[in-house]
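So that the names make sense, note that chain A is the first sequence line, chain B the second, and so on, each numbered from 1.
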Amino acid sequence: MDDLAKKWELFINVFINKGGYNVVLDGLLNTLKIAVFGLVIGMIIGTLISMVKLLPQYKKSARIAGKVCNVYVAFFRGSPMVVQLLLGYYVILPLMGIRISSVIASIIVFGLNSGAYVSEIMRGGILSVDPGQMEAGRALGLSYWTTMFKIVVPQAIKNILPTLGNEFITLVKDTSIVGFVGANDLTCAFGYLASNNYEYIVPYVIMALIYIVIVLIFSGMIHIMEKKLRKDERHATIH
Amino acid sequence: MQQFTDENCILDVKNLCKEFDGHKVLDNISTKIYDGEKVVIIGPSGSGKSTFLRCLNCMEDPTSGSIYFDGVDIADMKVDINVHRQKMGMVFQQFNLFNNKTVLENIILAPVHVRKAELRKNKKKYPGLTVKKIVEEEKEKAFQLLDRIGLREKADVYPATLSGGQKQRIAIVRALAMNPKIMLFDEPTSALDPEMIGEVLSLIKRVADKGMTMVIVTHEMGFAREVGTRILFMADGNIQEEAPPEEFFNNPKNQRLKDFLSKVL
């Protein structure tokens with residue numbers, strides 16, 4: 001026990017007296033930034049891809065666009081995120097002559113990656129909505145896109161919210177790899193604290209706990225959102 | 001007696017054909033539907049009557065043939081079909097109320113959307129009109145319609161809490177809110193419990209009595225006889241016989257129709 005108390009003291013020393021909390025706060029912020037903005041970008045890209053894939057196939061342009069989307073999804077689902085991150089940050093960006101911070105680069109890669117997954121989730125969600133909803137909108141003289149965005153997509157999102165929450169949680173945890181391109185995230189920050197005095201137990205246990213707390217908070221928020229969106233269903237009070 | 005002239009012809013269907021994967025569902029149908037007519041389509045299942053109805057507003061694109069509505073061939077793929085559908089109400093077997101919208105939102109959604117788009121395009125034509133005003137006006141109109149069917153207190157509930165009969169009556173009102181020139185009914189009572197069929201049919205009858213032009217696909221023979229001004233019997237993708245209800249039911253000529261009536265009456 002004495003040993004652990006001593007380790008705790010050492011950690012507090014690094015964390016507070018040596019200003020380690022600044023590093024951790026910065027890391028926490030970056031982790032949240034990458035996950036949240038990554039999901040937002042992913043939602044937008046994913047929705048667009050799912051729309052393209054669901055377009056009526058009698059036009060040649062729709063078929064070609066569908067093929068392009070298939071390649072995109074195949075690449076981002078088929079390779080590890082670390083590989084995509086390394087490729088993006090050390091190969092593609094320098095080749096294009098673009099210099100951006102590793103956090104921004106991570107956000108972009110996370111967005112692109114999550115877009116591939118969200119597109120399939122969203123496609124499933126849209127297909128799960130009764131086709132009669134689209135028919136009713138079109139019969140009233142609304143356009144395909146108006147009906148899609150006012151009627152079908154809101155119902156699809158309600159249906160896929162639990163899966164989408166899953167995707168977001170995965171994204172939060174996957175941020176722990178951005179250290180590969182030199183971005184300071186939560187994992188990096190605690191690694192840095194630990195390397196200060198080579199005491200790993202306390203910082204790494206706390207790190208794990210923080211991840212769990214973040215995920216729990218987000219799960220709670222998703223649950224509340226789901227409840228709100230289900231207000232149009234019967235038996236909304238029974239759980 | 002009403003005059004049937006080209007001036008008051010609402011829908012002119014010419015040589016309409018529809019194929020699904022090479023299988024011919026509608027085989028060269030031609031007919032005219034005049035202002036104020038209540039055309040009832042009956043026939044055995046698989047006869048193409050629903051497909052025919054759905055072709056009238058191009059929910060199914062005809063394989064060939066033309067459909068003139070307001071003098072425009074809406075079967076032509078180059079025509080902006082949405083503009084014409086705004087003047088053609090449609091009521092479905094499965095009601096198809098928007099599940100994510102309240103009853104009131106269901107009714108005003110399309111009229112508000114269409115009028116907003118029109119306002120944006122042509123501001124000078126409507127001096128003093130704002131989006132807010134449009135919404136207010138459409139709400140007022142929706143409440144009047146809901147009053148007519150006695151469902152005003154349901155304005156703010158979601159469709160999931162309504163009975164089938166209530167849903168279908170609201171679906172009819174939703175179509176009426178667009179002030180259509182013609183209403184298409186696709187088996188409006190087939191998904192209803194028996195005790196709810198009456199309320200829906202009586203609403204359709206009330207709309208009919210106000211002079212609305214209608215095309216109704218139904219299995220309710222009594223209703224067809226009561227409301228219809230012309231009955232079409234469809235089988236094998238063709239109109240086999242058409243006549244006013246009296247003659248149609250009392251003096252059928254086509255053998256297929258005789259067999260059909262002997263089974264259902």
Q. For B/Lys101, is it the side chain, the backbone, both, or neither that has a heavy atom closer than 4.5 Å to a heavy atom of chain A?
A. side chain
Q. Under a 4.5 Å heavy-atom cut-off, does chain A meet the side chain of B/Leu97, its backbone, both or neither?
A. backbone
Q | Option in B/Arg85, B/Gln94, B/Met59, B/Arg174 with maximal non-hydrogen atom pairs under 4.5 Å from chain A | A | B/Arg85
Q: Nearest 0.5 Å please: distance from the CZ atom of A/Arg230 over to the OH atom of B/Tyr158.
A: 13.5 Å
Q. What's the spacing between A/Ser143 OG and B/Asp80 CG if we round to 0.5 Å?
A. 9.0 Å
Q. Please walk me through it: do B/Met178 and A/Leu140 pass side-chain contact (heavy atoms from CB on, under 4.5 Å)?
A. CA-CA 8 Å; B/Met178 294 291 284; A/Leu140 283 164; 4.0 Å; yes
Q: Heavy-atom distances under 4.5 Å only: say whether A/Thr146 touches chain B with side chain, backbone, both or neither.
A: side chain
Has [X] got more than 12 heavy atoms of other residues, nucleotides or ligands less than 6.0 Å from its [atom1]?
| X | atom1 | answer |
| --- | --- | --- |
| B/Lys141 | NZ | yes |
| B/Lys87 | NZ | yes |
| A/Tyr144 | OH | yes |
| B/Phe143 | CZ | yes |

(Q) Is the shortest side-chain heavy-atom distance between A/Glu135 and B/Arg54 below 4.5 Å? (A) yes
Q | Non-hydrogen side-chain atoms of A/Leu142 and B/Leu109 separated by less than 4.5 Å | A | yes
Q. Is a donor on one side and an acceptor on the other found under 3.5 Å between the side chain of B/Asn96 and the backbone of A/Gly132?
A. yes
(Q) Looking at A/Gln133 and B/Asn99, would you say the former's side chain and the latter's main chain have a donor-acceptor pair under 3.5 Å? (A) yes
Q: Please name the residue in the list A/Gln155, A/Lys231, A/Lys158 that meets the side chain to side chain contact (heavy atoms under 4.5 Å, CB included) test with B/Asn100.
A: A/Gln155
**Q.** Nearest non-hydrogen partners of A/Ala136 and B/Phe92, listed with the distance
**A.** CA-CE1, 3.7 Å
Q: Ignoring hydrogens and angles, state whether a donor on the side chain of B/Asn57 or A/Arg138 is under 3.5 Å from an acceptor on the partner side chain.
A: no
